[in-house]
Amino acid sequence: MSATVSFTVPSPSGPLPVTVSYARVGRGEPLLLLHGIGHHRQAWDPVVDILAAEREVIAVDLPGFGVSPPLPDGLAYDLPTTAAVFAAFCEALELDRPHVAGNSLGGLLALELGREKLVRSVTALSPAGFWSQAERRYAFGVLLTMRQIARRMPLPLVERMASTAAGRTALTSTIYARPSRRSAEAVVAETLARATGFDQTLRAGAGVRFTDDLPGVPVTLGWGTRDWLLVRRQGVRAKRIIPAARLVRLPGCGHCPMNDDPALVARVILDGSR
């Protein structure tokens, strides 16, 4: 069931109000799900029911994405601020060090929450932050182009394209290896998803690299073998930085593997959050 929660986050000018939309389902140890840039919490829909059989799943819309309002003036869309937002979010929902799984930007945020010792375990699926400069420029260029095209496309055109497998491939093959598996309704919703925080988040990420080990926090790194956005050699770099991490290859999966192989991704998350 969808809900919202409001809380305050520290800023140089004092505490500022933030509101986050989320869906909460299932029973068991809490598991926080964080989506990537330009997406929304429904990115996790293919795996939520599987996860909810063993976990209390809390899927969120990041601030400025989906139906979560943008951050107020005075709060930046950078990594420290977003980590502070989710520290306050967990406190507001009385989540005591949940497990966390994230994809892309959400994977980077999950690792940051692990670095701050705010979570019990981290599962990061194609996390941002392990790129070379050339790889980052390429990924940002692709993301920006996708967003610009989506902003210009009228709803009837998106609906017509999403109604066919070829159209869904054209709209989503950058992030899915098996785009025909995504429903037409889901493709329309994510193509036109509100992303008021996109530009500021992208700018804030220009200088970001994740360079810290996470001692004492179980970490799983999952990388699709057909991820063409954040290529899989970045997983090898991530493993060097976090030597104790479990690096799992996801055969046949793209950048957002939850859609490409829900059963495999759910098992990786569950195994990583024991």
Side-chain angles (χ1 to χ4, degrees), residues 9 11 18 20 32-41 43 60-66 68-87 89 100-116 118-119 122-151 174-175 190 193-212 214 219 221-224 227-238 240-242 254-257:
V9 175
S11 81
V18 174
V20 169
L32 186 64
L33 300 180
L34 306 176
H35 63 77
I37 189 171
H39 228 311
H40 53 183
R41 67 173 181 262
V60 304
D61 281 329
L62 301 182
F65 295 93
S68 286
L71 292 172
D73 292 342
L75 288 179
Y77 285 84
D78 57 17
L79 201 54
T81 300
T82 309
V85 165
F86 282 104
F89 173 86
V100 62
N103 173 226
S104 195
L105 168 64
L108 173 62
L109 296 176
L111 290 165
E112 179 69 9
L113 293 175
R115 192 180 70 83
E116 295 291 334
L118 296 171
V119 293
V122 173
T123 301
L125 306 173
S126 293
F130 297 98
W131 41 45
S132 67
Q133 278 297 95
E135 289 164 351
R136 183 198 62 77
R137 286 193 297 269
Y138 163 75
F140 279 29
V142 171
L143 290 167
L144 189 58
T145 299
M146 290 175 63
R147 178 52 45 184
Q148 289 172 340
I149 292 172
R151 284 170 174 161
T174 303
I175 58 173
E190 64 196 23
R194 193 174 63 89
T196 54
F198 181 90
D199 292 334
Q200 293 180 73
T201 300
L202 204 65
R203 284 195 296 271
V208 170
R209 293 191 70 185
F210 197 86
T211 58
D212 293 331
L214 277 69
V219 175
L221 303 164
W223 235 282
D227 187 341
W228 311 129
L229 187 64
L230 298 181
V231 292
R232 59 181 181 172
R233 62 176 169 266
Q234 295 175 32
V236 177
R237 292 193 198 117
R240 291 195 191 111
I241 291 166
I242 311 170
H255 184 62
C256 296

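The heavy-atom pair separating Ala193 from His40 by the smallest distance is CB-ND1, 3.9 Å. Across every non-hydrogen atom of Ala195 and Gly38, the tightest pair is CB-CA, 4.3 Å. Here the shortest heavy-atom pairing between Ala238 and Leu221 reads CB-CD1, 3.6 Å. Residue Gly197 comes nearest to Phe65 through the heavy atom pair C-CZ, 3.6 Å, listed as atom of the first residue, atom of the second, then distance. Minimum interatomic distance between Pro127 and Leu111 (heavy atoms only, all atoms of both residues): CB-CD1, 4.0 Å. Summarising the geometry of Pro72 relative to Val18, their closest heavy-atom pair is CD-CG2, 4.1 Å, with the distance given to 0.1 Å.
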Q | Val60/His35 under side chain to side chain contact (heavy atoms under 4.5 Å, CB included): CA gap, chis, key distance, verdict | A | CA-CA 8 Å; Val60 304; His35 63 77; 5.5 Å; no
Q. Please walk me through it: do Ile242 and Phe210 pass side chain to side chain contact (heavy atoms under 4.5 Å, CB included)?
A. CA-CA 10 Å; Ile242 311 170; Phe210 197 86; 4.3 Å; yes
(Q) Determine whether Trp228 and Thr174 satisfy the following criterion, side chain to side chain contact (heavy atoms under 4.5 Å, CB included), listing intermediate values before the conclusion. (A) CA-CA 7 Å; Trp228 311 129; Thr174 303; over 6 Å; no
Q: Show the numbers, then the answer: is there a side chain to side chain contact (heavy atoms under 4.5 Å, CB included) between Leu202 and Arg147?
A: CA-CA 11 Å; Leu202 204 65; Arg147 178 52 45 184; over 6 Å; no
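For the atom pair Leu109 CG and Glu112 CD, the distance stands at 8.0 Å (nearest 0.5 Å). To the nearest 0.5 Å, atom CZ of residue Phe198 and atom CG of residue Leu62 are 13.0 Å apart. Here Ser104 contributes atom OG and Leu229 contributes atom CG; the two are 6.0 Å apart, rounded to the nearest 0.5 Å. Note that CG of Asn103 and OG1 of Thr123 are 12.0 Å apart. Values are rounded to the nearest 0.5 Å. The distance from atom CG of Leu79 to atom OG1 of Thr201, rounded to the nearest 0.5 Å, is 11.0 Å. Atoms CZ and OG1, on Phe130 and Thr211 in that order, are 9.0 Å from each other to the nearest 0.5 Å.
Of the possible polar contacts, none joining the Trp131 side chain to the Arg137 backbone as a donor-acceptor pair under 3.5 Å is found. Judged by distance alone, with hydrogens and angles left aside, the side-chain atoms of Arg136 form a donor-acceptor pair with the main-chain N or O of Ala206 at under 3.5 Å.
Residues passing the side-chain hydrogen bond (donor to acceptor under 3.5 Å, both in side chains) test with Arg194, sequence neighbours excluded: Thr196. Applying the side-chain contact (heavy atoms from CB on, under 4.5 Å) test to Leu118 and every residue at least two apart in sequence or in another chain returns Ala87, Leu113, Glu116.
Leu32 has its side chain out of reach of Val119: every pair of non-hydrogen atoms, C-beta onward, lies at least 4.5 Å apart.
The side chain to side chain donor-acceptor pair (under 3.5 Å) analysis of residues 72-83, with sequence neighbours excluded, yields the pairs Asp78-Thr81.
A side chain to side chain contact (heavy atoms under 4.5 Å, CB included) with Arg41 holds for exactly one of Leu33, Asp61, Leu34; it is Asp61. Tested against Ser132 for a side chain to side chain contact (heavy atoms under 4.5 Å, CB included), the candidates Arg233, Arg237, Arg209, Gln234 yield a single pass: Arg237.
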